[in-house]
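See structure below.
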There are 2 protein chains.
Amino acid sequence: MASPDTRTQLLDAAERLFAERGYRGTSVRAITDLAGANLAAVAYHFGSKAELLAAVARRVIEPINAAQCAGLDRLLARTPDPPVAELVAAFVGPMYDEMRAGDEGGARTSRLIVTILSDPAEEVRSWTGPAEDAVRDRYLEAFTRALPDLPPQELWFRIRGILAVTAVDRVEVHNRLAGLPPVAGEAAKQWAITFLAAAMSAPPTGT
Amino acid sequence: MASPDTRTQLLDAAERLFAERGYRGTSVRAITDLAGANLAAVAYHFGSKAELLAAVARRVIEPINAAQCAGLDRLLARTPDPPVAELVAAFVGPMYDEMRAGDEGGARTSRLIVTILSDPAEEVRSWTGPAEDAVRDRYLEAFTRALPDLPPQELWFRIRGILAVTAVDRVEVHNRLAGLPPVAGEAAKQWAITFLAAAMSAPPTGT
DNA sequence: GGTTCAGTCAAACGTTCGTTTAATTCAAAC
DNA sequence: GTTTGAATTAAACGAACGTTTGACTGAACC
């Protein structure tokens, strides 16, 4: 292990560059240059560029997932049937809280997640483990009990709506044309909870 | 002009492949192969790969924009201050209606839009013209009048929420884990309007 | 002092990419 | 019948890519 840990610096550089330019738009050479490492370091430490992305994704997603899980535990300890608004807050909150460490108000992490989720390449999306699925399934069940009249398909549509709003939140295209400054972290979190709690609580569409 | 119009077949092939594999994941060779054209045809008809993408994007977006504009005209002809739910329907509806022509229930077009909007490369996002901006500005103004108590920044946050939900709607990652069949076009449209009308109508977050 | 081994390094590998070139086709215009 | 010019073609171009190789480093261990 070198002094500033080449492996960690590769992860940091890759996280930033993948977020800024996408997976395919980032060359291994650009990563190693930014990390101050040799070109072969990626292959040595991670095996391949795709496995480096998987490592980056895990490092970003894991704390969010853990916080989502803990938040649901806390809710369920209080009442077996938490209201919709609190479920939304417990699910959405960590996506804003956990991504605030290090980068510009979470904008970079947000972009990274969008990049990963929207990239059509199989290798880019193959990092998910059973942990991510388990958390989502637990929330799905909790929402099902909180919204008993909502058909399963429409509930699933709304869950994806939550993911869409939280992930796409800060993509630059949508910000470009507003003369407004970028959204502050804490305010965006509250806005998202307000927006999504109202959306989730809407009555079923019917027919 | 050849019999089946090489130019159009290039547009069709590029639209499908850009949607399936992204801009960077699609080679010019793959496009010309699928179109049954020569490798040099892209350079001859469009100048470059980036300009071909711009042409594809324009062909997809223009009818949606026109329908959004017409829908708002229709609303404003009836009343100067349309309610939120009708504004949402007029804005969201065309994104589902206009993309139903040709591809699998609009899933491919939806993917194409996500691919374009979420790609960090500058060239991928430089196709927008003043028409797109004008429509968005008109809706922004209408929403501002319909929601006078909402601060501009939070309103803008919600507008982006609309775009996020409608665009990311059918990205495969989010569908993968549900045991449910893909969402049918008309049902998804109604679900989206229900979901987003409730979200837009939420009271301001406050503080 | 010699051995070991995780780590780093410069250099090269073969492939794929977007674009360019120059020759060719072929129906329409004269 | 010749000319014209848009359209197509095969072939090549140089650049950039992810990965591999084999030599080298230097502290740890015996």
Side-chain angles (χ1 to χ4, degrees), chain A residues 1-58 112 115-116 119-127, chain B residues 1-58 112 115-116 119-127:
Chain A
M1 299 260 179
S3 24
D5 198 350
T6 301
R7 200 188 137 92
T8 302
Q9 289 198 218
L10 285 174
L11 283 172
D12 290 341
E15 180 177 325
R16 151 167 276 152
L17 292 177
F18 285 153
E20 288 176 358
R21 316 181 192 173
Y23 176 72
R24 287 202 172 88
T26 304
S27 67
V28 175
R29 285 168 175 82
I31 295 170
T32 52
D33 282 357
L34 181 60
N38 185 270
L39 172 60
V42 165
Y44 178 79
H45 285 282
F46 298 95
S48 69
K49 182 189 177 186
E51 290 174 273
L52 169 59
L53 172 68
V56 168
R58 271 192 299 270
L112 177 66
T115 292
I116 292 171
D119 195 300
E122 187 59 41
E123 61 193 29
V124 178
R125 288 185 274 109
S126 56
W127 50 265
Chain B
M1 298 263 180
S3 24
D5 198 350
T6 302
R7 201 189 136 91
T8 303
Q9 288 198 219
L10 284 175
L11 283 171
D12 291 341
E15 180 177 326
R16 149 168 278 152
L17 291 177
F18 285 154
E20 288 175 359
R21 316 181 193 173
Y23 176 71
R24 287 204 172 86
T26 304
S27 66
V28 174
R29 285 168 174 83
I31 295 171
T32 53
D33 282 358
L34 180 60
N38 185 271
L39 172 60
V42 165
Y44 178 79
H45 284 283
F46 298 96
S48 69
K49 182 189 178 187
E51 290 174 273
L52 170 58
L53 172 68
V56 168
R58 271 192 299 270
L112 177 65
T115 291
I116 292 171
D119 195 305
E122 187 59 39
E123 60 193 28
V124 178
R125 289 184 274 109
S126 56
W127 51 266

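Residue numbers start from 1 in every chain, and the chains themselves are labelled A, B, ... in the order their sequence lines are given, proteins ahead of strands.
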In this structure, how many angstroms lie between the [atom2] atom of [N] and the [atom1] atom of [X], rounded?
{"X": "B:Leu53", "N": "C:dC17", "atom1": "CG", "atom2": "C1'", "value": "17 Å"}
{"X": "B:Lys49", "N": "C:dT19", "atom1": "NZ", "atom2": "C1'", "value": "12 Å"}
{"X": "B:Arg7", "N": "D:dA6", "atom1": "CZ", "atom2": "P", "value": "15 Å"}
{"X": "A:Tyr44", "N": "D:dT21", "atom1": "OH", "atom2": "C1'", "value": "15 Å"}
{"X": "A:Gln9", "N": "C:dG7", "atom1": "CD", "atom2": "C1'", "value": "14 Å"}
{"X": "B:Ile31", "N": "C:dT16", "atom1": "CD1", "atom2": "P", "value": "17 Å"}
{"X": "B:Phe46", "N": "D:dT8", "atom1": "CZ", "atom2": "C1'", "value": "15 Å"}
{"X": "B:Tyr23", "N": "C:dC17", "atom1": "OH", "atom2": "C1'", "value": "11 Å"}

Considering non-hydrogen atoms only, spot the tightest contact between A:Arg7 and A:His45 and give its length.
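Taking A:Arg7 first and A:His45 second, the nearest heavy atoms are NH1-O, 3.4 Å.
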Minimal non-hydrogen separation, B:Arg21 against B:Ala30, with atom names
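Heavy atoms of B:Arg21 and B:Ala30 come nearest at NH1-CB, 4.0 Å.
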Flag the pair B:Phe46 / B:Leu53 as yes when at least one side-chain heavy-atom distance between them is below 4.5 Å, and no otherwise.
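Side-chain contact under 4.5 Å: no.
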Under 4.5 Å between any side-chain heavy atoms of A:Leu10 and A:Thr32, yes or no?
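The answer is yes, as the side chains (C-beta and beyond) meet within the 4.5 Å cut-off.
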Short side-chain N/O contact from [X] to OP1 or OP2 of [N], under 4.0 Å:
{"X": "B:His45", "N": "D:dA6", "answer": "no"}
{"X": "B:Thr6", "N": "D:dT8", "answer": "yes"}
{"X": "A:Ser27", "N": "D:dC17", "answer": "yes"}

What's the separation between atom [atom1] in [X] and atom [atom2] in [Y], rounded to the nearest 0.5 Å?
{"X": "A:Asp12", "Y": "A:Ile31", "atom1": "CG", "atom2": "CD1", "result": "12.0 Å"}
{"X": "A:Leu39", "Y": "A:Tyr44", "atom1": "CG", "atom2": "OH", "result": "15.5 Å"}
{"X": "A:Leu52", "Y": "A:Glu15", "atom1": "CG", "atom2": "CD", "result": "10.5 Å"}

Name every residue in residues 34-43 of chain A that has at least one heavy atom under 4.0 Å from any atom of DNA chain D, in order of residue number, or write none if there are no such residues.
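The answer is A:Leu39, A:Ala40, A:Ala43.
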Qualifying residues under side-chain hydrogen bond (donor to acceptor under 3.5 Å, both in side chains), relative to B:Ser48, sequence neighbours excluded:
B:Glu51
Has the side chain of B:Lys49 got a donor or acceptor atom that lies under 3.5 Å from a matching backbone atom of B:Tyr23?
yes
Rounded to 10 degrees, the angle between the two terminal axes of the helix from C:dG1-D:dC30 to C:dC30-D:dG1, each from five pairs:
10°
Looking at every strand, decide which applies to B:Thr32 at a 4.0 Å heavy-atom threshold: base, sugar-phosphate, or nothing.
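No contact.
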